[in-house]
Protein chains: 2
Amino acid sequence: MSPATILDVAGSAGVSIKTVSRVVNGEARVADSTREKVLQAIKALGYQRNMFARGLRADKSRVLGLLYDNPKGDYPTDVLLGALTHCRESGYHLQVEVLRGRDLPAQAIKFLSETRLDGVMLTPPVCDNMEVLAVLADYDIPYVRVSPNKPRPGECYIAIDDRQAGEHLANCLLELGHRRIGFIRGIPGHAASRLRYEGYRGALARHGLAYDPDLVLPGKFDFASGFGGAAQLMALPDPPTAIFACNDEMAAGVLSWAHEQGMPVPGTLSVCGFDGGTISRVVWPLLTTCRQPIRELGKAAIRRLIEVSISGKREGTPLILPFELVTGHSTGKCNCFPDTAGQTAGT
Amino acid sequence: MSPATILDVAGSAGVSIKTVSRVVNGEARVADSTREKVLQAIKALGYQRNMFARGLRADKSRVLGLLYDNPKGDYPTDVLLGALTHCRESGYHLQVEVLRGRDLPAQAIKFLSETRLDGVMLTPPVCDNMEVLAVLADYDIPYVRVSPNKPRPGECYIAIDDRQAGEHLANCLLELGHRRIGFIRGIPGHAASRLRYEGYRGALARHGLAYDPDLVLPGKFDFASGFGGAAQLMALPDPPTAIFACNDEMAAGVLSWAHEQGMPVPGTLSVCGFDGGTISRVVWPLLTTCRQPIRELGKAAIRRLIEVSISGKREGTPLILPFELVTGHSTGKCNCFPDTAGQTAGT
DNA sequence: CATTTATCAGACAACGTTGTCATTGACGCG
DNA sequence: CGCGTCAATGACAACGTTGTCTGATAAATG
């Protein structure tokens with residue numbers, strides 16, 4: 001059985017196809033009695049409208065795209081989940097595309113020419129690939145970036161205030177008495193990594209502490225960077241009493257190194273991460289971290305795309321979502337001044 | 001500027017639209033010189049074919065669906081990644097849909113009526129929802145299930161041999177000398193959980209060991225199940241010396257409980273998980289686990305869907321992919337016979 | 001009662017592509 | 001030369017929907 005079309009419904013309900021179209025699209029000028037007849041016919045025939053024909057005529061697919069190139073960890077999962085949630089609420093659908101390997105712009109061209117999307121959202125790091133953005137602009141597809149590195153003036157992007165978050169987290173450590181705090185950065189060019197680092201430096205400055213470049217290491221957002229970074233930092237002549245890793249996975253690496261050394265956490269070394277995803281909740285001890293509202297970021301991006309798709313206006317103000325500090329058990333008071341600590345313990 | 005159509009290309013190249021269509025679709029009967037002319041015109045005009053029109057005429061969208069309802073952890077991410085990889089190689093695209101909350105069949109109906117997919121892949125647990133499957137059958141959409149609970153005869157599904165994997169893993173523990181092995185199950189109705197459990201019992205039986213129901217606990221595949229399960233198991237009068245958790249996240253819970261008690265792992269308690277994803281690599285000590293080829297599962301499912309979509313034949317043989325045992329540092333020799341252990345240590 | 005206005009419904013074209021069938025011309029063979 | 005065969009190309013309809021325009025009927029107004 002071939003599926004029922006608008007024509008079958010029209011015949012069955014004794015009206016014209018246009019009237020059926022009006023009912024299906026919820027247009028105003030239809031008498032209640034007619035609408036009822038049509039709805040019944042639709043139900044009886046199991047009619048479902050054909051998206052191809054609809055799209056061909058209206059040039060709107062109601063399908064959005066999610067474009068990413070870093071399929072690791074909770075981030076893509078949660079962005080996707082948030083995006084899907086909002087899509088479902090709005091009657092939109094989501095097509096996912098991964099850009100990996102060589103010649104990202106060519107991949108973007110291929111996927112854009114094979115589909116018809118009403119808009120695309122991009123996450124780091126691909127959201128900072130200028131060539132890919134140029135392709136999108138060329139195809140005249142609206143897009144929204146999440147946590148872009150260098151937002152353009154007037155661009156409507158979605159992010160959290162990573163700088164402030166970094167500063168807050170560093171502050172937590174400072175208030176626990178830590179004075180030498182190691183910092184492990186994420187991959188270069190990643191906006192979040194840079195901003196969290198700036199926040200870290202800002203916190204130090206506000207506490208009147210000198211900045212020691214030996215305490216800052218590069219990283220790749222992976223476990224090995226944390227593990228190796230911890231080894232390197234703790235081998236310093238004057239090692240830190242706390243380590244701030246730029247994400248949870250690196251923090252997990254720091255924790256594992258400490259466990260392997262038999263070094264108590266947070267007794268001898270405090271550790272904090274960033275993201276607040278699954279990893280922070282399955283390691284021991286529970287990580288002190290900063291929870292990003294990743295799902296909300298995804299939701300907001302989709303909401304924004306739909307707005308643009310309907311209104312056509314691409315300008316707008318950036319949307320900065322709130323983060324949340326999560327206090328785990330991986331951070332504690334600094335024991336770095338044995339005399340002071342001894343006094344307190346003695347009395 | 002409105003985008004160029006096949007008509008513009010035809011005009012520019014001095015041929016008919018049908019010829020352009022032939023070139024675009026790589027059909028055979030076109031003279032090389034003509035093909036060249038058309039290709040140049042396409043390039044010059046920046047022509048890209050309109051998927052709506054194509055779909056309307058050919059009734060093929062070249063878009064597949066991924067349907068899931070358990071958006072936790074690496075599983076969905078990796079399935080998605082594998083699926084996308086194969087999609088890209090094959091010129092297909094992937095639309096993702098999450099079914100969550102109440103009335104899953106209704107959600108399935110909604111999403112199927114709003115899109116036009118050539119096929120759908122499903123992962124657990126939604127792949128075992130008979131109502132949803134009925135909806136898919138009703139819409140006459142080919143589907144492939146990954147790790148289904150009760151495969152139907154002749155159904156072509158994708159899975160690993162969970163029973164055998166469970167048996168292997170239990171065997172590892174038995175060969176290390178463990179005789180009392182705790183087992184924490186996953187959510188009921190989940191095929192993998194049941195099969196791994198059967199494998200565990202099989203291994204016990206093969207070693208001539210009695211089955212002790214006290215050693216088997218229910219679980220929900222989450223951290224808390226592992227944490228609580230460990231507490232409960234180790235409070236037994238005759239506690240286990242090893243715990244086999246049905247996935248990595250629960251194993252991480254077991255580890256954390258042990259750390260909190262100051263119980264050495266694997267010194268006093270050996271732990272193994274299942275999945276071999278990120279979690280197994282970021283906890284301390286590294287988990288002994290069974291790595292599922294999740295990406296390959298996703299790839300295989302898509303490959304299969306494309307076959308079905310092209311050939312129209314829905315029958316086929318199930319595809320069982322190989323798993324891989326990963327030996328971490330969370331398992332070690334059993335110290336449960338102090339006399340023997342003492343003797344060895346003494347000499 | 002005549003006229004305007006509002007409301008509802010239908011006829012028809014158009015969207016850009018592919019499938020079906022027809023046409024053209026070149027070539028080989030008896 | 002006449003015929004059949006085959007490769008290459010084109011004309012045209014059809015896919016199912018929505019936008020535009022027009023027509024019909026009922027209600028409101030002078």
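Letters go in sequence order (proteins before strands), and every chain restarts at 1. Remember, it's a predicted structure, so these values are computed and weren't measured experimentally. Heavy atoms only: backbone and side chains are in, while hydrogens, waters and symmetry mates are out.
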End axis versus end axis in the helix from C:dC1-D:dG30 to C:dG30-D:dC1, the angle rounded to 10°, five pairs used at each terminus: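 Taking five pairs per end, the axes differ by 40°.
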Pull out every protein N or O sitting under 3.5 Å from an N or O of nucleotides 22-26 of chain C, one pair per line with the distance.
none

Contact list (N/O, under 3.5 angstrom) for nucleotides 10-12 of chain C vs protein:
residue: C:dG10; atom: OP2; partner: A:S16; partner atom: N; Å: 2.8
residue: C:dG10; atom: OP2; partner: A:S16; partner atom: OG; Å: 3.1
residue: C:dG10; atom: OP2; partner: A:T19; partner atom: OG1; Å: 2.6
residue: C:dG10; atom: N7; partner: A:R22; partner atom: NH2; Å: 2.8

Less than 4.5 Å apart, any side-chain heavy atom of B:I306 and any of B:H86?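 Yes - at least one pair of side-chain heavy atoms lies under 4.5 Å apart.
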For DNA chain C, the residues among residues 111-119 of chain A that have a non-hydrogen atom under 4.0 Å from it: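 Nucleic-acid contacts, sorted: none.
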Under the side-chain hydrogen bond (donor to acceptor under 3.5 Å, both in side chains) test, which residues partner [X], sequence neighbours left out?
X      : result
A:D118 : A:S61
B:R102 : none
A:E97  : A:Q95, B:H93

Which residues pass the ring-ring contact (aromatic ring centres under 6.0 Å, His included) test with A:H190, not counting sequence neighbours?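 Expected list: A:F221.
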Please report the interatomic distance [atom1]([X]) to [atom2]([Y]), rounded to the nearest 0.5 Å.
X      : Y      : atom1 : atom2 : value
A:S147 : A:I294 : OG    : CD1   : 9.0 Å
A:T123 : A:L67  : OG1   : CG    : 8.0 Å
A:T278 : B:D74  : OG1   : CG    : 8.0 Å

salt_bridge([X], [Y]) N-O dist < 4.0 Å:
X      : Y      : answer
B:R295 : B:D78  : yes
B:K110 : B:E114 : yes
B:E155 : B:R145 : yes

If we ignore hydrogens and angles and just use 3.5 Å, is the side chain of A:S309 paired with the main-chain N or O of A:L305 as donor and acceptor?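 A pair under 3.5 Å: no.
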Residue met sooner reading DNA chain C from 5', once B:F52 and A:V30 are mapped to nucleotides: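 Final value for this comparison: A:V30.
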Return the set of residues passing side chain to side chain contact (heavy atoms under 4.5 Å, CB included) with [X] (not counting sequence neighbours), or none when no residue passes.
X      : result
A:K18  : A:S16, A:S21, A:R22
B:N50  : A:L56, A:R116, B:F52, B:A53
B:L319 : B:I158, B:A300, B:L321

Hey, where on DNA chain D does chain A first and last touch, going 5' to 3'? Cut-off is any atom under 4.0 Å from a heavy atom.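 Using the under 4.0 Å cut-off, the span is D:dG16 to D:dT20.
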